[in-house]
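Numbers for residues simply follow the sequence, beginning at 1.
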Amino acid sequence: MGLPWKLHGDGRTVSAATIVAPDERLTWPRTIGLGVQHVVAMFGATFLVPLITGFPPSTTLLFSGIGTILFLLLTGNRLPSYLGSSFAFLAPIGAATKIGGIPLALSGIIVVGALLAVVGLIVHLAGAGWIDRLMPPVVSGAIVALIGFNLAPAARDNFVAAPVVAVITLAAIVLCTVLFRGLLGRLSIVVGVVVGYVAALIGGQVDLSAVTKADWVGLPTFTAPAFDPSQMAVYLGFLPVVLALVAENVGHVKGVGQLTGRDLTPLTGRALFADGISTVLAGVGGGSATTTYGENIGVMAATRVFSTAAYWVAAIAAVLLGLSPKIGAVISTVPAGVLGGATTALYGLIGVIGIRIWVENRVDFAKPKNQLTAGIALIMGIADFTFHLGGATFGGIIIGTIAAIVVYHLMDLIGRARGTDPVTPAATEADRAATGGVPVEPRVDTAARD
């Protein structure tokens, strides 16, 4: 069977009036170059997750590449996407690790992946309309925002561990974002981490002994999950992540569809299923959970190349990086101060992406229903409201998520019955485009800058 891509024009140029479609490609040398750009774009966020959670970086990179290959196969090479590490899992992973270590956290990842795959099957068979009804923009935006803001204490703890290096890292991220355009500006997090790492090296805060001992080629560390039925509260703490992943994947499908001028909605179920299976696979082997990456949407928007061939190159490159223990060892040496500066920016951006969902969908905050839905959910998430029921403990993310869904639908139901809440037409795709935003995932929100 031949390769599924046809050559775009002469394979060397892309005119201002055209794009390279998902089923097209440029010449292979150019395609490989674009694939490398996608690796660089995803690398900063993808390696930060295992650093924060304590997962092996090489294992995460390996399953990131494998997950991307699986995603491309299940979507029939029609939906360009890279599956990188998901930040939405950080809070429940942190809670699970404190109780039962990484194996318990991996079992939570598998539960989320399996549920996401089930949701994907339902969407594929029944359509995605029910998702919009369950999580209108005010609800989905609140859930994404509270996940980011709930992580603020973790950023603070790393920041104060080495404040000078943290400030240097954060300053480098801010300056890179405003000083540079194109790919370099989009990689401000990576640049900031590199600058902070150099500062930490000069300050004697980096231990390179493990790097010298590591092999250049070898298998990464695999960790088996451990399911514990007595830790039901831990698994319940992972459930809100399913809603965030649904919002991310749906946003990715819509965003790429807008940029390519194609109706990719029929692929939503496949995308959700593929991401779910990829997350399950990562959890089985000890890698970080995956999700579609907005950083790579930015690369596509800048280059006008949406070829899935470039993502195959990126996926294969990630697998090769995952098979180098020395690269994983280098990543593991990033000190707390650098993480503190980087996560201060990243966690804030996760929260702001939730707010951006409100802006793009023109959520009317003159309505008490929307005010209370967002306000109650955010306070519960930011303050990390914690409730104990029997032997179970429920933290701010799950409490805030439940509150957002219950408050909105309860007020909506009563308001319609009483006639006190007239229905507002949903924002159209044109309305969202008018805000200048392309839906992206809660990480580095830079796709619309260029």
Side-chain angles (χ1 to χ4, degrees), residues 38-71 81-94 96-97 101-110 112-113 116 151 154 189-190 193 197 210-211 214-215 217-225 238 241 245 248 274-296 311 314-334 338-339 342-343 346 441-444:
H38 282 299
V39 171
V40 175
M42 69 82 185
F43 197 81
T46 292
F47 84 73
L48 276 178
V49 172
L51 280 179
I52 295 167
T53 59
F55 283 28
S58 294
T59 312
T60 293
L61 286 171
L62 176 67
F63 282 104
S64 171
I66 292 173
T68 300
I69 292 172
L70 184 65
F71 185 95
S81 177
Y82 190 90
L83 295 191
S85 301
S86 172
F87 279 82
F89 285 82
L90 290 180
I93 284 177
T97 302
I102 289 178
L104 180 61
L106 291 172
S107 67
I109 289 173
I110 292 173
V112 171
L116 185 62
L151 292 166
I189 298 295
V190 180
V193 168
Y197 190 85
V211 177
D215 296 327
V217 179
L219 291 174
T221 302
F222 296 109
T223 306
F238 277 87
V241 179
L245 293 179
E248 288 181 9
D275 190 12
I277 296 299
S278 173
T279 294
V280 168
L281 188 61
V284 169
S288 299
T290 62
T291 188
T292 49
Y293 256 27
E295 289 89 334
N296 297 91
Y311 283 96
I316 293 170
V319 170
L320 295 176
L321 289 173
L323 295 175
S324 176
K326 190 172 288 290
I327 291 176
V330 171
I331 295 172
S332 296
T333 62
V334 176
V338 177
L339 287 178
T343 55
L346 279 169
E441 293 68 25
R443 278 172 299 278
V444 189

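Here the closest heavy-atom approach between residue A224 and residue P103 is recorded as O-CB, 3.6 Å. The two atoms that bring A289 and I109 nearest to each other are CB-CG2, 3.8 Å, heavy atoms only. The minimum heavy-atom distance between T46 and G84, with the atom names listed, is OG1-CA, 3.6 Å. Here the shortest heavy-atom pairing between S81 and F71 reads CB-CE2, 3.5 Å. The nearest pair of heavy atoms linking G328 to S58 is CA-OG, 3.2 Å. Here the closest heavy-atom approach between residue A274 and residue L70 is recorded as O-CD2, 4.5 Å.
Not counting sequence neighbours, the partners of L323 by the side chain to side chain contact (heavy atoms under 4.5 Å, CB included) test are L62, L219, P220, V319. Under the rule for a side chain to side chain donor-acceptor pair (under 3.5 Å), the partners of T333 that lie at least two apart in sequence or sit in another chain are Y197. In this structure S324 satisfies the side chain to side chain contact (heavy atoms under 4.5 Å, CB included) test together with W216, K326, I327, sequence neighbours excluded. By the side chain to side chain contact (heavy atoms under 4.5 Å, CB included) test, A105 is found to be paired with F55, I93, A96, T97, residues two or more places apart in sequence or in another chain being considered. With sequence neighbours left out, the side chain to side chain donor-acceptor pair (under 3.5 Å) criterion links T60 to S288. The side chain to side chain contact (heavy atoms under 4.5 Å, CB included) check on A154 picks up Y347, with sequence neighbours excluded.
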Result block: side-chain N/O donor-acceptor pairs under 3.5 angstrom for residues 276-286, not counting sequence neighbours:
| residue | atom | partner | partner atom | Å |
| --- | --- | --- | --- | --- |
| S278 | OG | T290 | OG1 | 3.0 |
| T279 | OG1 | D275 | O | 3.0 |
| T279 | OG1 | T290 | N | 3.4 |
| T279 | OG1 | T290 | O | 3.4 |
| T279 | OG1 | T290 | OG1 | 3.3 |

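Side-chain atoms of V338 and L51, non-hydrogen and from C-beta on, never get closer than 4.5 Å to each other. By the 4.5 Å heavy-atom criterion applied to side chains, I69 and I66 are not counted as neighbours. At least one side-chain heavy atom of Y293 sits under 4.5 Å from a side-chain heavy atom of S85. You'll find the side chain of M42 reaches within 4.5 Å of the side chain of Y82, heavy atoms only. Here the side chains of I331 and P50 are not in contact, with every heavy-atom distance at 4.5 Å or above.
Note that OH of Y311 is 10.5 Å distant from CG of L83, once rounded to the nearest 0.5 Å. I52 contributes atom CD1, which lies 14.5 Å from atom CZ of F89 (distance to the nearest 0.5 angstrom).
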Test side chain to side chain contact (heavy atoms under 4.5 Å, CB included) on L151 and F87; report intermediate values, then the result. CA-CA 10 Å; L151 292 166; F87 279 82; 5.7 Å; no
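The main-chain N or O of G287 is never found under 3.5 Å from a side-chain atom of T59 such that the two would form a donor-acceptor pair.
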